[in-house]
Amino acid sequence: MATGKTHSRHFRLLLDEYDISGDARTVGNFGAQYSEEDVTGWSNGVVNYTLGQLRAFIEGFQAVFDNTALLGSHVILATRKEYIASMMVGIRAAPVAGDIAFALPLEQKQYVVDGQGPALISVDLIGPGQGHTVPSKAWGVVLDPGTSRSVTFSGTSVNDVAAATTNGGKAYLHVLAKDAEAGTYALIIEHSTDGNSWATLGTFTLTGSALDAEQLVIAAGTTVNKWLRFSGAKTGTRVATFACTFVRE
């Protein structure tokens, strides 16, 4: 993981089992914002407010129109739905383990094609939709930016905090590719106090046998140690590509 200033060309956007980055041109804003509710009373000398509902969003995302089967922006986004979204922020290079991620379920609210000049599509995502609750936090860390796996693996160790946190979190898995061979992966999030001795924090239900995405909830009140990694134990001969992000609560 590098540090310092970066450029939007190093962003990568994963929506469910799709990496839409190859068609991406720009994004307006992404993040989380609380509404401000005015609670000023008659006798208050200044305006008083309280924070209202949290709104999470990726707005102004624009991509080149592409109808390539299973991969193109139009094929992926023309049917409006809710996605497991991971926006990875690479620092002066493509994202790697330890880089920043904005990750949570987001619902697509529109799909617009601009037909003037190069055909472009525009999408806004807000959320989450009714199928998920709004998390208190949406900024986290990349555990795996999308790596092809053919054997049992222990992922890169990531230390994203100075000390353990104690309120659980959410992990997001994207199965981006797989071959036709038989076999599965037992995919887990591991944590460690020292980066050497590891314990299982949570286990995904996805196994790499299908292209899909999953949100894994680590229960509130659970201690999440300072070191994290994404790992998998393989059976059979299948090769698959996985990406994973994690957000502490």
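Applying the 6.0 Å contact sphere to CD1 of Ile100 captures no more than 12 heavy atoms from other residues, nucleotides or ligands. More than 12 heavy atoms of other shown residues, nucleotides or ligands fall within 6.0 angstrom of atom NZ in Lys226. Remark: Arg25 CZ is loosely packed, at most 12 non-hydrogen atoms of other residues, nucleotides or ligands lying under 6.0 Å away. Other residues, nucleotides and ligands contribute more than 12 heavy atoms inside 6.0 Å of the CG atom of Leu51.
Between Ser150 and Val239 the shortest heavy-atom distance is CB-CG2, 3.8 Å. Scanning all heavy atoms of the two residues, the minimum distance from Val247 to Ala103 falls at CG2-O, 3.8 Å. Closest approach of Asp23 to Leu71, counting heavy atoms only: OD2-O, 4.1 Å. Closest of all the heavy-atom pairs between Ala63 and Ser73 is CB-CB, 4.2 Å. Taking both residues in full, the closest heavy atoms of His174 and Ala213 are given as ND1-CB, 4.1 Å, listed atom of the first, atom of the second, then distance. Residues Ile188 and Thr200 come closest through the heavy atom pair CD1-OG1, 3.7 Å.
In this structure, CG on Leu120 lies 10.5 Å from OG1 on Thr26, to the nearest 0.5 angstrom. Taking OG1 from Thr156 and CZ from Arg229, the interatomic distance works out to 10.0 Å, rounded to the nearest 0.5 Å. The CD atom of Gln110 sits 8.5 Å away from the CG atom of Leu125 when rounded to the nearest 0.5 Å. Between the NZ atom in Lys170 and the CD1 atom in Ile189 there is a gap of 14.0 Å [rounded to 0.5 Å]. We find the NZ-OG1 distance between Lys178 and Thr184 to be 12.5 Å, quoted to the nearest 0.5 Å. The CG atom of Leu13 sits 4.5 Å away from the CE atom of Met87 when rounded to the nearest 0.5 Å.
Under the 3.5 Å distance criterion, with hydrogens and angles disregarded, a donor-acceptor pair is assigned to the side chains of Gln215 and Tyr172. At a cut-off of 3.5 Å, with distance as the only test, no side-chain donor of Ser197 or Ser192 sits close to an acceptor on the other residue. In summary, the side chains of Asn29 and Glu59 do not present any donor paired with an acceptor at a separation below 3.5 Å, with no hydrogens or angles considered.
Judged purely by atom type and a 3.5 angstrom limit, Asp16 has no side-chain atom pairing as donor or acceptor with the backbone of Asp212. Using a distance-only test at 3.5 Å, with no hydrogens or angles considered, no donor-acceptor pair links the side chain of Thr235 to the main chain of Gly183. With hydrogens and angles ignored, the 3.5 Å screen pairs no side-chain donor or acceptor of Asp38 with any backbone N or O of Tyr49. At distances below 3.5 Å, not a single donor-acceptor pair connects side-chain atoms of Thr50 with backbone N or O atoms of Glu37. Between the side chain of Thr6 and the backbone N or O of Arg92 there is at least one donor-acceptor pair closer than 3.5 Å. The main-chain N or O of Pro145 is never found under 3.5 Å from a side-chain atom of Arg12 such that the two would form a donor-acceptor pair. For Ser148 (side chain) and Thr241 (main-chain N/O), no donor-acceptor pair under 3.5 Å exists by modelled atom type.
Residues Leu211 and Leu187 are members of one and the same hydrophobic cluster, defined by side-chain heavy-atom contacts under 4.5 angstrom among Ile, Leu, Val, Met, Phe, Trp and Tyr. Put simply, Ile76 and Leu176 are part of two different groups of oily side chains (I, L, V, M, F, W, Y) that touch within less than 4.5 Å, one to the next. One hydrophobic cluster, built from ILVMFWY side chains closer than 4.5 Å, cannot hold both Val161 and Val158; they sit in different ones. Note on Leu77: it clusters hydrophobically with Val27, by side-chain heavy-atom contacts below 4.5 Å among ILVMFWY residues. With hydrophobic clusters built from ILVMFWY side chains whose heavy atoms lie under 4.5 angstrom apart, Phe57 does not share a cluster with Tyr83.
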Go through it in stages, so that I can follow the logic: the residues are Leu201 and Thr222, the test is side-chain contact (heavy atoms from CB on, under 4.5 Å), and I'd like the CA-CA distance, side-chain angles, deciding distance and then a yes or no.
CA-CA 9 Å; Leu201 180 63; Thr222 301; 4.2 Å; yes

Start with the C-alpha gap between Gln108 and Leu15, add the side-chain angles, then the distance that decides, and say whether side-chain contact (heavy atoms from CB on, under 4.5 Å) holds.
CA-CA 10 Å; Gln108 180 183 340; Leu15 299 175; over 6 Å; no

side-chain contact (heavy atoms from CB on, under 4.5 Å) for Ile91 and Asp99? Distances and angles first, verdict last.
CA-CA 7 Å; Ile91 306 300; Asp99 281 341; 3.9 Å; yes

Pair Ile218-Phe246, side-chain contact (heavy atoms from CB on, under 4.5 Å): steps then yes or no:
CA-CA 10 Å; Ile218 309 300; Phe246 191 90; 4.1 Å; yes

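At least one side-chain heavy atom of Phe242 sits less than 4.5 Å from a side-chain heavy atom of Val175. Arg55 is listed as a side-chain neighbour of Ile126, based on a closest heavy-atom distance under 4.5 Å. For the pair Ile58/Phe102, a side-chain contact is recorded, criterion being any heavy-atom separation below 4.5 Å from C-beta on. Using a 4.5 Å cut-off on side-chain heavy atoms (C-beta onward), Arg80 and Tyr111 make no contact. At a threshold of 4.5 Å between non-hydrogen side-chain atoms, the residues Ile84 and Glu214 do not count as touching. Between Leu106 and Leu104 the shortest side-chain heavy-atom distance falls below 4.5 Å. At least one side-chain heavy atom of His191 sits under 4.5 Å from a side-chain heavy atom of Leu228. In this structure, the side chains of His10 and Val89 stay at 4.5 Å or more apart for every pair of heavy atoms.
Tested against Met88, the residues Asp19, Val96, Val141, Leu14 include a single side-chain contact (heavy atoms from CB on, under 4.5 Å) partner, Leu14.
Here Trp227 sits in one hydrophobic cluster together with Trp198; the rule is ILVMFWY side chains under 4.5 Å apart, joined directly or through other members.
Relative orientation of the Tyr185 and Phe153 rings is tilted, given thresholds of 30° and 60° on the angle between their planes. By the 30° and 60° cut-offs, the orientation of the rings of Phe204 relative to Phe230 is perpendicular. The aromatic rings of Phe30 and Phe11 sit perpendicular, their planes meeting at an angle over 60°, well past the 30° parallel limit.
Note on Asp144 versus Arg149: salt bridge recorded, some NZ/NE/NH1/NH2 to OD/OE distance being below 4.0 Å.
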